[in-house]
Undergrad: 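First, the structure itself, so that you have it in front of you.
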Protein chains: 2
Amino acid sequence: MQRIATISDVAHLAGVSVATASKALNGKDQVRAETRQRVLEAAEQLSFKPNPAARSLLGGPTRTVGLLTSDSVGRFGIPVMLGAEDAFGAGEMAVLLCDARGDSIREQHYIRTLLARRVDGIIVVGESTDSRPSISRDLGVPVVYAYGPSDDPGDVSFVPDDLEGSRTAIKHLVTLGRRRIAHVTGLATYQAARERAEGAAAALADAGLEPGPVFWGQWSQRWGRQAAAMVLHADPEIDAVFCGSDQIAAGFVEAARERGRRIPEDIAVVGYDNWEVLAAESRPPLTTIDPNLEVLGRTAAQHLFAAIDGRATPGVHRMPVQLVIRDST
Amino acid sequence: MQRIATISDVAHLAGVSVATASKALNGKDQVRAETRQRVLEAAEQLSFKPNPAARSLLGGPTRTVGLLTSDSVGRFGIPVMLGAEDAFGAGEMAVLLCDARGDSIREQHYIRTLLARRVDGIIVVGESTDSRPSISRDLGVPVVYAYGPSDDPGDVSFVPDDLEGSRTAIKHLVTLGRRRIAHVTGLATYQAARERAEGAAAALADAGLEPGPVFWGQWSQRWGRQAAAMVLHADPEIDAVFCGSDQIAAGFVEAARERGRRIPEDIAVVGYDNWEVLAAESRPPLTTIDPNLEVLGRTAAQHLFAAIDGRATPGVHRMPVQLVIRDST
DNA sequence: TACATTTCCGAAAACCTTTTCAGTTTTTCG
DNA sequence: CGAAAAACTGAAAAGGTTTTCGGAAATGTA
């Protein structure tokens, strides 16, 4: 492996000065076309890449962004992260990964490290849709929040539109002719649970239907199974269930099937999250709401670009979600 | 937000020259203890952090490593990645994240980008334990492979010890008194499937038992269910099944239960991977082999450190895995 | 006191790129 | 052809840090 070429090697090979070489390579218009060509060829030949350290020393952008995640479990944060990385990586941005493990001391440490490295911006990925403390104040670089929004409405946040998602789910069930629709979901301490319940209630009202029973519990398959017993016992008229997550839905259909209910003939079931390993492998495969997390991450990254360019878009942006129809409805 | 402090600010505040300040901060022994103290206090007061760009411009290390993943699905690569990030982040290393999406063109592009940024080393995270083409040749920086080993035995690779893992699983079943043990696993094109089958066969031989039937299929719950029918039909004497993944095991126990078999009384089941959402939520919860992916990632990162220091440890290192006992055995 | 050592400090160079500004060459126009 | 304008080129500086090396101060020795 040979020494890495610098711009003066290029200039020398092309027979021009360093300054001219720089201008040629950066598309400045103070250099003759023919000279530029020579420089570009020399650069190609030496496979020259400018040293980012020297570049950023000049005070220009570092073309580096920080990706700060708090998602110890990884189910939601990671697709967002990959979507963001995708959007950045396609350009010439580099992504510095920091996993704070939900520890605010670590988070502070990472923020200082990122600032010391002069990142152009930071994207903060939450582990739930609950809002989190803002880190943007006095930071000096733009910040975008993905999945978990900032508690400061002046910040830029992107969250999946759970209200719309649950409306879509209920509408789908209503279209199929279901009239008595229960909702089984997770802990009410989660914003996601509250919003999904709220959206479901609103959609039922829109359709002129009575609000169905709502069962709050855990985000687990176990709770889905327990809830199945409760739901079937509580009201035999129920012909559809909207579940707050695919885990709950998977548990529900399993237990309901064991009790002799046919899915979807007797009871139609809609899940949430489109967690492939559960939704597609369940029996029957689950109709569910896909929160499009990669798109969300990618969008957040694009808006961070914009913010770096000074075109910030404050507020909490609700990103569209998608109904994925499988065999449970 | 105030201007970021430079070392000359620190030097000025401490009443010394820039050179002395640098030496004091970096623990060089050419500075009086009292002077050093003054400098350190000044640095603290200004919350000075050295500019990494300026530092690496000198040709020293950039304290940056690349993390190159090809794991589009994320099940295995991501814990490894987080483990690695953990080991790096605890020090003062920064991690540049690159997700090549299994595309070798993208991979090449990222490698060039990482080299241009003068990373001190690269860690390559595979998406399966199958070996992958080496990228180390003529790269100029050390590379460590995690999960998916390099095809060049001169490289440094870390993989979970599937041979030992499957031996452990079988030994566990034998200890419980099971004598007729089937193996249901994924596609034989996967190294993981082959090694797990091999380890299982060896352990059976060690225990003086006949080799049990082996069923090759997919890595899916569906295949686990199908296999249950085949296993139960093929040999009613079978009293235990070792599955090549938790997905398969989850499908197997579900289907076996439906056919009236009690787990673990009639048939004991061991899974593989300790994928919490499946293994812990299955009925009954699955005994399984945990490949300790975060530890693997952390270890790989530590060895990358060593390699950067010139103390490389070539070869494919098999990392210990762990038996997690739940209710299916 | 004179000299030799040791200890400590600071000036300056080096790392690589971009940008500014002044100087030089070429072109255009009368 | 001569002069003005335009086009092009290169020297130098800046950015923050580390390192080297020479010099100054303090200490030890004769």
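To find a chain, count down the sequence lines: A is the first, B the second, and so on, and within it residues start at 1.
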Undergrad: Under the rule for side-chain hydrogen bond (donor to acceptor under 3.5 Å, both in side chains), what residues qualify as partners of A:Asp86, not counting sequence neighbours?
TA: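 side-chain hydrogen bond (donor to acceptor under 3.5 Å, both in side chains) check on A:Asp86 returns A:Arg298, B:Arg106.
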
Undergrad: Go nucleotide by nucleotide along DNA chain C from the 5' end; which of B:Gly15 and A:Leu57 gets its closest nucleotide reached first?
TA: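 Per heavy-atom nearest nucleotide, the more 5' residue is B:Gly15.
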
Undergrad: Only pairs at least two apart or in different chains count here, so list each salt bridge (Lys or Arg N to Asp or Glu O under 4.0 Å) that has a residue in residues 59-69 of chain B.
TA: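 Output for this query lists B:Arg63-B:Glu92.
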
Undergrad: Estimate the overall bend of the helix from C:dT1-D:dA30 to C:dG30-D:dC1 from the end axes over five pairs each, rounded to 10 degrees.
TA: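 The two end axes of the helix from C:dT1-D:dA30 to C:dG30-D:dC1 meet at 50°.
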
Undergrad: Starting at CG of B:Leu293, measure out to CE of B:Met319 and round the result to the nearest 0.5 Å.
TA: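 Here the interatomic distance stands at 10.0 Å.
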
Undergrad: Give every residue pair that meets the salt bridge (Lys or Arg N to Asp or Glu O under 4.0 Å) criterion with at least one member in residues 107-120 of chain B, sequence neighbours excluded.
TA: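 Checked against salt bridge (Lys or Arg N to Asp or Glu O under 4.0 Å) - neighbours excluded - the pairs reaching residues 107-120 of chain B are B:Glu107-B:Arg132.
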
Undergrad: Not counting sequence neighbours, list each pair that qualifies as a salt bridge (Lys or Arg N to Asp or Glu O under 4.0 Å) and has a residue in residues 30-39 of chain A.
TA: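 For residues 30-39 of chain A: A:Glu34-A:Arg38.
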
Undergrad: What one-letter contact string describes nucleotides 19-25 of chain D from 5' to 3', where B marks a base within less than 4.0 Å of any protein heavy atom, S marks contact via sugar-phosphate atoms alone, and - marks no contact?
TA: BB-----

Undergrad: Whole Å only: how far is the NE2 atom of B:His12 from the C1' atom of C:dA11?
TA: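 Spelled out: NE2 on B:His12 to C1' on C:dA11 is 16 Å.
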
Undergrad: Whole angstrom is fine here: how far is it from CG in B:Asn51 over to P in D:dG15?
TA: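 It is 12 Å, rounded to the nearest whole Å.
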
Undergrad: Going by the ring-ring contact (aromatic ring centres under 6.0 Å, His included) test, which pairs reach into residues 292-316 of chain B, not counting sequence neighbours?
TA: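 Every pair satisfying ring-ring contact (aromatic ring centres under 6.0 Å, His included) with a residue in residues 292-316 of chain B: B:Phe88-B:Phe305, B:Phe158-B:His303, B:His303-B:His317.
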
Undergrad: Quick test of your reading: applying salt bridge (Lys or Arg N to Asp or Glu O under 4.0 Å), list the pairs with at least one residue in residues 148-159 of chain B, sequence neighbours left out, ordered by first then second residue.
TA: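 Non-adjacent pairs meeting salt bridge (Lys or Arg N to Asp or Glu O under 4.0 Å): B:Arg137-B:Asp152.
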
Undergrad: Does the side chain of B:Arg32 get closer than 4.0 angstrom to OP1 or OP2 of C:dT7 through an N or O atom?
TA: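 For C:dT7, OP1/OP2 do not have a side-chain N/O of B:Arg32 under 4.0 Å.
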
Undergrad: Name all residues meeting the side chain to side chain contact (heavy atoms under 4.5 Å, CB included) criterion together with B:Pro160; count only those two or more places apart in sequence or in a different chain, and write none if there are none.
TA: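 For B:Pro160 the side chain to side chain contact (heavy atoms under 4.5 Å, CB included) partners, ignoring immediate neighbours, are B:Thr129, B:Tyr147, B:Asp162, B:Pro291, B:Leu296, B:Val321.
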
Undergrad: Quickly work out the A:Ile7 CD1 to C:dC16 P distance and round it to whole Å.
TA: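 After rounding, the reported distance stands at 12 Å.
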
